[in-house]
Amino acid sequence: MSSIAQVEPLTSARALRGPFDYALPEEMRDSVGVGSMLVVPFGRGELLGVVVGLSEASSVAPERLRSPRRAVEADVPVDLVELAAWIALEYCSTPSRALSLVLAPGAGAGVHSLARLVAELTAAGREAPATGVRLTAVQRAVLERLAPGCAPATATGAAHGTLRRLEARGLVRLRRRPLARTPEHVAVGARRAPSLTLNPDQRAALGSVCEAIEHRRFEQLLLHGVTGSGKTEIYLRAAEATLAQGRGVIVLVPEIGLTPQTVGRFVERFGETVAVAHSRLGSGERYDEWMRLRRGEARICVGPRSAVFAPIEDLGLIVVDEEHDSSYKHEGDPRYDARHVAMRRAERAGAVLLCGSATPRPESYARLRRLALPARVDGAELPSVEVLDMCGATHALHERTAEALGELRRAGGKAIVLLNRRGWSNYLSCRSCGKVWGCPACDVALVLHRAEAVISCHHCGHRESVPAACDACASSGVARHGLGTERLEHELGAALGGGDYPIFRLDTDVAGAKGRAAAVLARFERAPAGVLVGTQMIAKGHDFDDVALGVVLDADATLRFPDFRAEERTFALVTQLAGRAGRGGTAGRVLVQTLAPTARSIMAAAHHDSEGFLDGELRRREALGYPPYGELIRIVCSSDREGVALAAARELRSRLTLTDAQLLGPAPLFRLRGRERAQIVIKAADRLAAVAAVGEAVAVPLHRDASISVDVDPQ
Ligand code: ADP
Ligand code: ZN
Ligand code: ZN
């Protein structure tokens, strides 16, 4: 039993680095361990902290050692404390920020009263019912309920006031107590036995997964299967096999609002055993779900990237559905990648990592053991994909697209039209002086949103009303350029809509508040006919039964970003959209409008040639030293003072002494939220060495007015 707890205070300040020693009073020594959450005195106030280590002695003089005030209920499993320490190093962040990822939701913010109040009878209380002490019926009931032993206050069924009055009379003792350190695991089996018979490809894939699960072996598997090939069924059965071993499961999905079907199927099959980490839940509910997992009452957690931190002991399987999805990367500090964290967690737990996608990342294709599901379970052919060259086109829709939509309207069918750009027009310009309306805080053009009558910045959210005239030359000729989903919805409505042919739109403007996206998808699903127009949100994971036509407008837009993932994104977008068309027996058709009809990614997507694309992409990356053949780290310096960002980046570069690595930059980036930015990119062969060197370089302050962000494995 250790007398000193090493506590990492939870604070976002980079400068304050623990852990700090605290002396554990006698009565805390039994219950406090690594992962315990303590309220500790700090300076003149108090802080919440996590115990990261225990020891017998401290280098702090005994008279200067302070003691924790109390422990709180939601302690963290030891392996998650270790995982946080790894994340802090791996992503050049701080232990405190990394720890905040693994806490119970809201714990750091003090949303809950985290200590559990426990009630127990005193000797007087034990005798009270027999000795004729005056008791109300409620008080008598509480004493009876406590007779077998102590119980959480909430389990006595009495109001807090009742307990306090009993305590005042000396009949009950109330104590705050942290939760038991070893949760009880409730064994639960499948609720509804699945009746389908797996096809041979599925059987082979599941066999490999289960073999690894049974041997409790860390293994990384990639389930590479076209949309509708029965991947989810494999996840469900692998989860079942894991539960049967008494181990827990994490299932990561891109965005719950957009993938309600996957979540629904887990809940349907496993019932109460599933805890859903849903961002739509209130903080209290999310906390309760976390506690259900912590206590072992729920053994499967389904959720977005943060579910990789679910407090599940004896983890046996982590599933990453749609593993190519960019939402797995967290954009705040620490900039962790849930897929990489999942790999680490699975390795430490001796669990199986099962990633699935129709369009896996080249990294995963190269590194993971591949299990292929080459055909749809319903036997349907993949849709035919036609690439339409838009060079010299004057209309937004190619004539073949317009024709196909017209036919579909007459036949009363359904179509999805994808345009990865929201708003009405991309930018406005003055017809006489050429002024382009830009954001005052960012170096980008403002986008017109006609329904709201504003032009807005898609980077910082700045909004202003639509100009009636040019403020530079007073001309009233303001031209609108380009096409976004808002205008496309309007144009399709004019051409096809009306009567019983609805046009639905889905993008973040419409989805806005949480839950609205799912509602739009459900309305489109229920409609017998119609068109769904939207950004890439419509190509994410959602399955429709009866979509006959898929259209991608401006398919090469993603290719125009100067980014080594441009090809991969373009291929995934077209392929994922194609996967939404022609399911449930209908033969689908996909039209891809592009200015780059011969681009490798677009041609490969048109031929459903996933392997061909990935092989080519890996060769290209190898030649250029990109992942998985090299490690990338991006460092961005920014400042609201002129010239500082670039100067800080230069200073930082001079501090980086790396062998076996390539340093690119500093290169200026466009101004964002009023801050100038400059970036350095490191391409390194040795990940650990590069991360360590960067961590060291950024630990020392650079410039008073500059801030730095480090992105390991930028997306
Ligand atoms: P994916 O996740 O690859 O898109 P799903 O697992 O969702 O594919 O499967 C698509 C549909 O086919 C689901 O409705 C599923 O229940 C059904 N399905 C899966 N496997 C089989 C099978 N072996 N036989 C019949 N239907 C199946
Ligand atoms: Zn002008
Ligand atoms: Zn802006």
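All residue numbers in this chain count up from 1 along the given sequence. Just so it is clear, the values below take in all heavy atoms, side chains as well, and ignore hydrogens, waters and symmetry mates. Atoms within each ligand, like the ligands themselves, are counted from 1 in listed order.
The pair Arg376-Glu381 does not meet the salt-bridge criterion, since no charged nitrogen lies less than 4.0 angstrom from a carboxylate oxygen. Under the 4.0 Å criterion applied to side-chain N and carboxylate O atoms, Arg671 and Asp443 are assigned as salt-bridge partners.
Within the listing of ligand 1, atoms 23 (N) sit less than 4.0 angstrom from a heavy atom of Asn199. Residue contact check: Thr197 has heavy atoms under 4.0 Å from atoms 22 (C), 23 (N), 24 (N) of ligand 1. The distance from ligand 1 to the heavy atoms of Val226 drops below 4.0 Å at these ligand atoms: 3 (O).
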Next on the checklist: Checking Gln220 against Arg367 for the side-chain hydrogen bond (donor to acceptor under 3.5 Å, both in side chains) test, could you report, in this order, the C-alpha distance in whole Å, the side-chain angles of both residues, the deciding distance, and whether it holds?
Outcome noted: CA-CA 8 Å; Gln220 308 183 68; Arg367 285 178 181 154; over 6 Å; no
Item to check | Step-by-step salt bridge (charged side-chain N to carboxylate O under 4.0 Å, His left out) determination, Arg361 to Glu323 | outcome: CA-CA 7 Å; Arg361 295 178 299 160; Glu323 72 94 32; 3.2 Å; yes
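Aromatic ring pairs are classed by plane angle as parallel below 30°, tilted from 30° to 60° and perpendicular above 60°; the pair His449 and His458 is tilted. Between Phe670 and His459, the two ring planes are perpendicular [angle over 60°; tilted spans 30° to 60°].
Take the Zn ion (ligand 3) as the corner point: the lines to SG of Cys460 and to SG of Cys457 open at 110°, to the nearest 10 degrees. When rounded to 10 degrees, the angle formed at the Zn ion (ligand 2) by SG (Cys430) and SG (Cys473) equals 100°.
Of the listed options Leu373, Thr232, Thr227, Thr232 places a heavy atom closest to atom 6 (O) of ligand 1. The closest non-hydrogen atom to atom 7 (O) of ligand 1, taken over Arg237, Glu233, Arg265, comes from Arg265.
Of the N or O atoms in Gly228, one or more lie within a sub-3.5 Å distance of an N or O in ligand 1. Residue Leu196 has no nitrogen or oxygen atom sitting less than 3.5 Å from a nitrogen or oxygen atom of ligand 1, judged on distance alone.
Distance alone, capped at 3.5 Å, is enough to place a donor-acceptor pair between the Lys414 side chain and the Ala527 backbone.
Residue Cys442 counts as close to the Zn ion (ligand 3), with an N, O or S atom under 2.8 Å.
Under 3.5 Å, the side chains of Thr232 and Thr262 contain no donor-acceptor pair of N or O atoms.
Neither the backbone nor the side chain of Arg203 comes within contact range of ligand 1; no heavy atom lies under 4.0 Å.
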